[in-house]
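The structure appears right after this line, and notes come after that.
By convention in this document, chain letters (A, B, ...) are assigned in the order of the sequence lines, proteins followed by strands, and residues within each chain are numbered from 1.
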There are 2 protein chains.
Amino acid sequence: MNLNRLMALRKEKGWSLQYVSDQLGMAKSTYAGYESGYRRPSLEAIKSMAELFDTSVDYILGRTDTPFAVLGQSDGSLELTPFLETALSVDGIVLSQEELQHFIAFIRAKREIEQTVSQAKNE
Amino acid sequence: MNLNRLMALRKEKGWSLQYVSDQLGMAKSTYAGYESGYRRPSLEAIKSMAELFDTSVDYILGRTDTPFAVLGQSDGSLELTPFLETALSVDGIVLSQEELQHFIAFIRAKREIEQTVSQAKNE
DNA sequence: CTTTTTTGTTCTCGTTACGCGTACTTTTTA
DNA sequence: TAAAAAGTACGCGTAACGAGAACAAAAAAG
């Protein structure tokens with residue numbers, strides 16, 4: 001596992017090794033070691049880098065290909081209904097309408113059961 | 001920075017230290033050290049943990065409070081991934097983390113079954 | 001209740017590899 | 001063309017990682 005994305009992130013911002021290592025409070029050679037794959041950063045270090053580069057640790061590690069989240073509705077939430085316009089996917093495979101309806105039915109049933117149980121407890 | 005969420009994640013799943021360390025291919029004392037804050041995991045280790053617990057490195061590190069994300073894809077669809085900044089709701093009630101996890105697990109299980117069935121048919 | 005097994009905690013020890021300084025090459029700027 | 005900045009590479013001292021072992025506590029089995 002190398003941290004190939006580090007250099008790309010730094011270049012995107014037009015920053016030098018010296019500038020980045022100053023911001024991170026470490027030696028230039030230390031940070032350079034991360035980019036070249038000669039050394040691996042500590043958790044603290046990679047966290048600082050994610051903050052400096054304004055992205056996620058998962059993105060730096062290559063666990064995800066999307067560096068930024070996109071918010072849905074005005075209030076920041078997404079409404080999941082049986083007639084959803086936008087597509088939802090899991091593991092890169094778009095959910096079918098059938099899958100969505102199954103899931104919604106599942107959640108509703110679960111909540112009804114939980115409500116019944118909690119009512120029973122209060123009596 | 002301690003990794004308080006590790007124990008919670010493990011307990012949620014009802015797993016023992018031995019089981020988790022076996023899955024991660026490390027000594028029990030090594031993983032125990034991470035939970036107690038006595039040792040800090042390598043990047044490889046924390047990546048494996050995120051995978052095992054089905055969440056994001058950012059969540060384990062406490063960089064985000066929500067273990068799943070809805071991300072915009074290039075094709076305009078939405079991808080549900082392990083790190084998060086928005087909420088999904090059903091009938092106006094925001095889905096809990098548990099419900100999201102059930103949802104993703106449900107979809108994955110369903111697809112695995114379907115794949116197995118279709119494989120069986122082709123033989 | 002007693003025994004056995006599993007689970008969790010803590011310590012020591014050997015070794016890895018981290019982080020820095022430094023020296024060097026390459027590139028940019030004036 | 002000289003000087004400054006940027007990038008690369010290496011050696012050294014040491015922090016701390018990871019495994020194993022030993023022990024306590026809790027759970028399961030008998």
Take the protein atom [atom1] of [X] and the nucleotide atom [atom2] of [N], then report the distance between them rounded to whole Å.
X: B:Glu35; N: C:dT10; atom1: CD; atom2: P; result: 12 Å
X: B:Leu24; N: D:dA19; atom1: CG; atom2: C1'; result: 15 Å
X: A:Met26; N: C:dG21; atom1: CE; atom2: P; result: 13 Å
X: B:Lys28; N: D:dA19; atom1: NZ; atom2: P; result: 13 Å
X: A:Leu3; N: C:dC18; atom1: CG; atom2: P; result: 11 Å
X: A:Arg10; N: D:dA5; atom1: CZ; atom2: P; result: 17 Å
X: B:Tyr31; N: D:dG20; atom1: OH; atom2: P; result: 19 Å

Nearest to side-chain heavy atoms of B:Gln18, which nucleotide of C:dT7, D:dG18, D:dG7: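 So the side chain of B:Gln18 is nearest to C:dT7.
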
Nearest to side-chain heavy atoms of B:Thr30, which nucleotide of D:dA19, D:dT8, C:dT10: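 From the listed options, D:dA19 comes nearest.
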
For [N] and [X] - does any side-chain N or O of the residue sit under 4.0 Å from the phosphate oxygens OP1/OP2?
X: B:Tyr34; N: D:dG18; answer: yes
X: A:Arg40; N: C:dT16; answer: no
X: A:Ser29; N: C:dG21; answer: no

Side-chain touch A:Val57/A:Arg63, heavy atoms, less than 4.5 angstrom: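 No. Closest side-chain heavy atoms not under 4.5 Å.
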
Any B:Leu43 side-chain heavy atom under 4.5 Å of A:Leu43 side chain: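 Yes, at least one pair of side-chain atoms sits under 4.5 Å.
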
Main-chain N/O of A:Tyr34 paired with A:Arg39 side-chain donor or acceptor, under 3.5 Å: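 Side chain of A:Arg39 to backbone of A:Tyr34, a donor-acceptor pair under 3.5 Å: no, none is there.
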
Any donor-acceptor N/O pair, B:Asp58 side chain to A:Asp58 backbone, under 3.5 Å: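 Answer holds: yes.
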
5′-ward residue of the pair A:Ala27/B:Ser16 relative to DNA chain C: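 First, find each residue's nearest nucleotide; the 5'-ward one identifies B:Ser16.
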
Residue mapping more 5' on DNA chain C - nearest nucleotide basis, B:Tyr38 or B:Leu17: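 Residue closer to the 5' terminus by nearest nucleotide: B:Leu17.
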
B:Phe53 six-ring centre to B:Arg10 NZ/CZ under 6.0 Å and within 45° of normal: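 No - B:Arg10 does not lie over the ring of B:Phe53 by the 6.0 Å and 45° rule.
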
Along DNA chain D (nearest heavy atom to each residue), the more 5'-positioned of B:Arg39 and A:Tyr19: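 Residue closer to the 5' terminus by nearest nucleotide: A:Tyr19.
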
